[in-house]
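Residue indices begin at 1 and follow the sequence shown.
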Amino acid sequence: MIQKLQQTLGKRPTDILLITIGSFGVALGFDVFLLPNKIVSGGINGLTIILHDTLNWNPSIVLFSSNIVLLVLCFLLLGKEVFSKSIYGSLAVPVFVSLLANVDIGVKEPILASIFGGIVIGTGVGIVYLGNGSTGGTSLLALIIQKFIPLRIGIILGICDGLVILCALFVFNVQTVLFALISLYLCSRMVDTVKTGPDFSKNLFIVSTQYEAIREALIKLGCGVTYIPIEGGLNLEKNKMIMTVIHDDQFMEIKETVLEIDSEAFITIHSANEVMGRGFTLNK
């Protein structure tokens with residue numbers, strides 16, 4: 001779908017469209033679910049909720065001011081390329097937060113707010129990433145910190161989010177913080193799902209002495225097959241391992257077919273989140 005949009009609109013307009021839609025989603029999840037229920041799911045958004053509750057500071061102004069400071073530091077420390085990819089999303093989110101400030105759909109149950117808030121915000125962030133953009137906040141802060149401290153981005157983000165949630169313990173009760181952890185987890189899962197696609201394919205590795213018969217059966221079922229030379233670790237026997245990628249709905253049929261040929265076949269199954277090539281994204 002992204003490729004079709006790029007072919008129709010061009011790469012830059014497509015990126016701008018995706019960042020706009022994603023930023024709207026982030027703002028919607030924040031205004032409708034997290035802010036009214038005081039769910040601090042980490043990051044600058046979480047810090048904004050704490051400041052709004054304790055000092056009554058306007059959320060959109062806090063987000064805008066924080067992102068401006070981080071963007072200036074980004075430009076000075078990380079260069080124009082990172083700055084240019086981050087500026088639009090960093091400023092679009094506060095604008096949408098301001099525009100959606102009075103939207104209320106009546107969700108007052110914290111558990112529902114944490115679940116749907118995490119899903120909506122995670123989806124929005126994932127769409128922004130698809131547009132090669134950033135929503136600013138702790139993602140920019142992590143990049144800046146990494147320039148001086150050689151840690152992985154994921155670790156730095158985890159520390160930043162953890163500190164914000166720790167601050168929330170001094171403002172809200174433990175139950176509210178636990179809801180925030182649910183939201184934070186779902187948000188991260190949705191980001192990964194949107195970026196890599198849902199898990200609709202499986203990667204199978206099959207070890208069997210009947211590899212020729214299995215190969216023929218897989219081909220008849222419409223599967224591609226790759227041989228990988230292997231050597232057994234116990235008896236040092238030479239053999240060939242079959243690797244194939246299948247659609248989710250083919251799994252049971254293929255599994256039964258392989259075991260009918262060789263009931264002692266050794267099969268390992270891995271999720272394949274994104275598959276490209278003939279038979280999947282290209283016509284056979």
Problem - Separation between OG of Ser114 and CG of Leu34, rounded to the nearest 0.5 Å - result: 8.5 Å
Exercise for the section: May I ask you to test the Leu18-Val128 pair for a side-chain heavy-atom distance under 4.5 Å? Expected result: no
Exercise for the section: Please confirm whether the backbone N or O of Val95 pairs with a side-chain atom of Ser98, one donor and one acceptor, at under 3.5 Å? Expected result: no
Handout entry: Donor-acceptor under 3.5 Å (Ser23 side chain, Ile19 main chain)
Key = yes
Exercise for the section: Check whether Ile165 and Leu178 end up in the same hydrophobic cluster, where Ile, Leu, Val, Met, Phe, Trp and Tyr are linked by side-chain heavy atoms less than 4.5 Å apart. Expected result: yes
Exercise for the section: Using a cut-off of 6.0 Å, state whether more than 12 heavy atoms not belonging to Glu264 lie near its atom CD. Expected result: no
Practice task
For residues Ile206 and Ile214, determine if any side-chain heavy atom of one lies less than 4.5 Å from a side-chain heavy atom of the other.
Solution key: yes
Handout entry: Flag if over 12 foreign heavy atoms under 6.0 Å of CZ, Phe251
Key = yes
Practice task
Determine whether more than 12 heavy atoms belonging to other residues, nucleotides or ligands lie under 6.0 Å from atom CD of Glu212.
Solution key: yes
Handout entry: Expected output: side-chain Asn203 to main-chain His270 donor-acceptor under 3.5 Å
Key = no
Practice task
Assess the side chains of Asp262 and Ser208: does a donor N or O sit below 3.5 Å from an acceptor N or O?
Solution key: yes
Exercise for the section: Indicate yes or no for a side-chain donor-acceptor contact from Thr257 to the backbone of Glu253 under 3.5 Å, with no hydrogens or angles considered. Expected result: yes
Handout entry: Phe96 atom CZ: more than 12 heavy-atom contacts under 6.0 Å
Key = yes
Problem - Main-chain N/O of Ile39 paired with Asn37 side-chain donor or acceptor, under 3.5 Å - result: no
Problem - Close side-chain approach of Met243 to Tyr227, heavy-atom, < 4.5 Å - result: no
Problem - Side-chain donor or acceptor of Thr244 paired with backbone N/O of Val225 under 3.5 Å - result: no
Practice task
Keeping to residues at least two apart or across chains, list the ring-ring contact (aromatic ring centres under 6.0 Å, His included) pairs with something in residues 26-51.
Solution key: none
Exercise for the section: Search all heavy atoms of Met190 against all heavy atoms of Thr123 and return the closest pair with its distance. Expected result: CE-OG1, 3.2 Å
Exercise for the section: Return yes if some donor-acceptor pair links the side-chain N/O of His52 with the main-chain N/O of Trp57 below 3.5 Å, else return no. Expected result: yes
Problem - Side chains of Thr20 and Tyr88, donor plus acceptor under 3.5 Å - result: yes
